[in-house]
Amino acid sequence: MPMPYREKKIDHMLVDRETIDAFIKRLGKEISRDYRGEELFFICVLKGSFMFAADLIREIDLPCQIDFMSVSSYAGEKTTGVVKINKDLDSSIAGKHVLIVEDIVDTGLTLNHLKSLLSTRNPASIGIVTAFDKPMRRRVDIHVDYVGMEVPNEFIVGYGLDLDGYYRNLPEVAVLSDKE
Ligand code: IMP
């Protein structure tokens, strides 16, 4: 089926496949080195990070597990970043080295809340890895341990990132046009 919606809205490509593949390989090496001798428990934050998580864990040279969580902001409370858990983890993270896998860190509010919430479950450690980062938009001082690449303050789609559920299937990352 043709996708007129997509053709109409995409302004330009921002990140190509080679760049994505290169930062995934780099992150895989860094994480595997930093956690050498340990096991890792990845938490894939649905839905946006499913593609990144799938690529990233294939570059991890350590014993690891992965589980999935789905969170959303409480309606009307976007500014606080308080999140509602739509799908929780299936297993305990107590005593485990945890890495939260995100698609993009924007204001940081969602991750800030999610990290505090998961910290109460007594993991051995808890870190954050994100494919994309918009540091200019940050509203809370949250430490992101591993960043694929920084992107400008524009709305991007593709490689798992969506607009109203669309464009996740784009293999590359694009900037959407302001024009309807
Ligand atoms: P934060 O709490 O503001 O950091 O929100 C992060 C979440 O907002 C991400 O996990 C995405 O789901 C979404 N988001 C932020 N910026 C973009 C973007 O440029 N494109 C698509 N989704 C985005």
Side-chain angles (χ1 to χ4, degrees), residues 3 5-17 19-20 23-24 27 31 41-57 66-89 93 98-120 126-180:
M3 295 180 69
Y5 184 63
R6 161 179 160 179
E7 283 160 19
K8 198 167 93 180
K9 300 274 282 190
I10 286 184
D11 192 72
H12 61 276
M13 288 294 164
L14 182 72
V15 192
D16 61 19
R17 260 322 306 184
T19 307
I20 295 172
F23 76 61
I24 287 169
L27 290 173
I31 293 169
F41 189 100
F42 288 96
I43 298 179
C44 171
V45 186
L46 295 172
K47 298 174 185 163
S49 65
F50 77 100
M51 216 176 271
F52 174 50
D55 284 343
L56 180 67
I57 61 165
I66 185 163
D67 201 350
F68 302 85
M69 249 182 128
S70 169
V71 299
S72 56
S73 296
Y74 276 112
E77 291 194 38
K78 187 83 182 145
T79 50
T80 65
V82 175
V83 292
K84 176 163 74 93
I85 297 180
N86 300 321
K87 186 224 168 289
D88 207 337
L89 300 172
I93 56 168
V98 171
L99 263 185
I100 303 173
V101 184
E102 258 290 17
D103 50 355
I104 185 164
V105 186
D106 188 29
T107 63
L109 290 165
T110 312
L111 262 183
N112 196 35
H113 187 80
L114 186 59
K115 191 176 175 186
S116 330
L117 188 145
L118 292 170
S119 300
T120 64
I126 184 160
I128 296 170
V129 51
T130 187
F132 304 104
D133 188 14
K134 283 186 196 167
M136 304 266 291
R137 296 255 309 161
R138 205 71 94 248
R139 291 185 46 195
V140 280
D141 184 21
I142 181 159
H143 179 68
V144 182
D145 303 83
Y146 303 96
V147 175
M149 68 176 286
E150 288 187 6
V151 290
N153 185 15
E154 292 177 296
F155 197 83
I156 59 172
V157 292
Y159 194 60
L161 289 151
D162 76 310
L163 173 70
D164 295 338
Y166 290 92
Y167 302 109
R168 292 194 200 277
N169 55 319
L170 279 182
E172 303 178 326
V173 172
V175 175
L176 286 189
S177 162
D178 290 338
K179 300 178 223 63
E180 283 301 316

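One-based numbering along the sequence shown. Basis for what follows: all heavy atoms, side chains included, without hydrogens, waters or symmetry-related copies. This structure is a prediction, so every number in the text was calculated from the model and none was measured. Numbering of ligands and ligand atoms starts at 1, following listing order.
Each of L118, V71, V83 was scored for a side-chain contact (heavy atoms from CB on, under 4.5 Å) with H113, with one residue passing: V83.
When each atom of ligand 1 is checked for a heavy atom of E102 under 4.0 Å away, the hits are 10 (O). Short contacts between ligand 1 and T110, defined as distances under 4.0 Å to a heavy atom of the residue, involve ligand atoms 1 (P), 2 (O), 5 (O).
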Evaluate the side-chain contact (heavy atoms from CB on, under 4.5 Å) criterion for residues I85 and L117: first the C-alpha distance (whole Å), next the side-chain angles of each, then the deciding distance (0.1 Å), finally the verdict. CA-CA 10 Å; I85 297 180; L117 188 145; 3.8 Å; yes
Would you sort out whether Y159 and V15 count as a side-chain contact (heavy atoms from CB on, under 4.5 Å), showing the intermediate values? CA-CA 10 Å; Y159 194 60; V15 192; over 6 Å; no
Go through the steps to decide whether K47 and D103 satisfy the test salt bridge (Lys or Arg N to Asp or Glu O under 4.0 Å), and finish with yes or no. CA-CA 9 Å; K47 298 174 185 163; D103 50 355; over 6 Å; no
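Distances from ligand 1 to the non-hydrogen atoms of G48 include no value under 4.0 Å. In this structure, L111 falls outside the shell of residues with a heavy atom less than 4.0 angstrom from ligand 1. A heavy-atom separation below 4.0 Å is not found between V157 and ligand 1.
R138 places a side-chain N or O within donor-acceptor distance of the main-chain N or O of D106, the cut-off being under 3.5 Å. Listed for the S70 side chain is no donor-acceptor partner under 3.5 Å among the backbone atoms of K87.
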With a 3.5 Å cut-off and sequence neighbours excluded, list the donor-acceptor pairs that the side chains of residues 140-151 form with protein atoms.
from: D145; atom 1: OD1; to: I128; atom 2: N; distance (Å): 2.8
from: Y146; atom 1: OH; to: D34; atom 2: OD2; distance (Å): 2.6

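Between I156 and ligand 1, at least one N/O pair is under 3.5 Å apart. Between F155 and ligand 1, no N or O atom pair is found at a separation short of 3.5 Å.
The proximity of E154 to ligand 1, defined as any non-hydrogen pair under 4.0 Å, is limited to the backbone.
Taking all heavy atoms of D162, D106, I104, L161 into account, the minimum distance to atom 9 (C) of ligand 1 is reached by I104. Nearest-heavy-atom check against atom 19 (O) of ligand 1 across R168, K134, R139 picks out K134.
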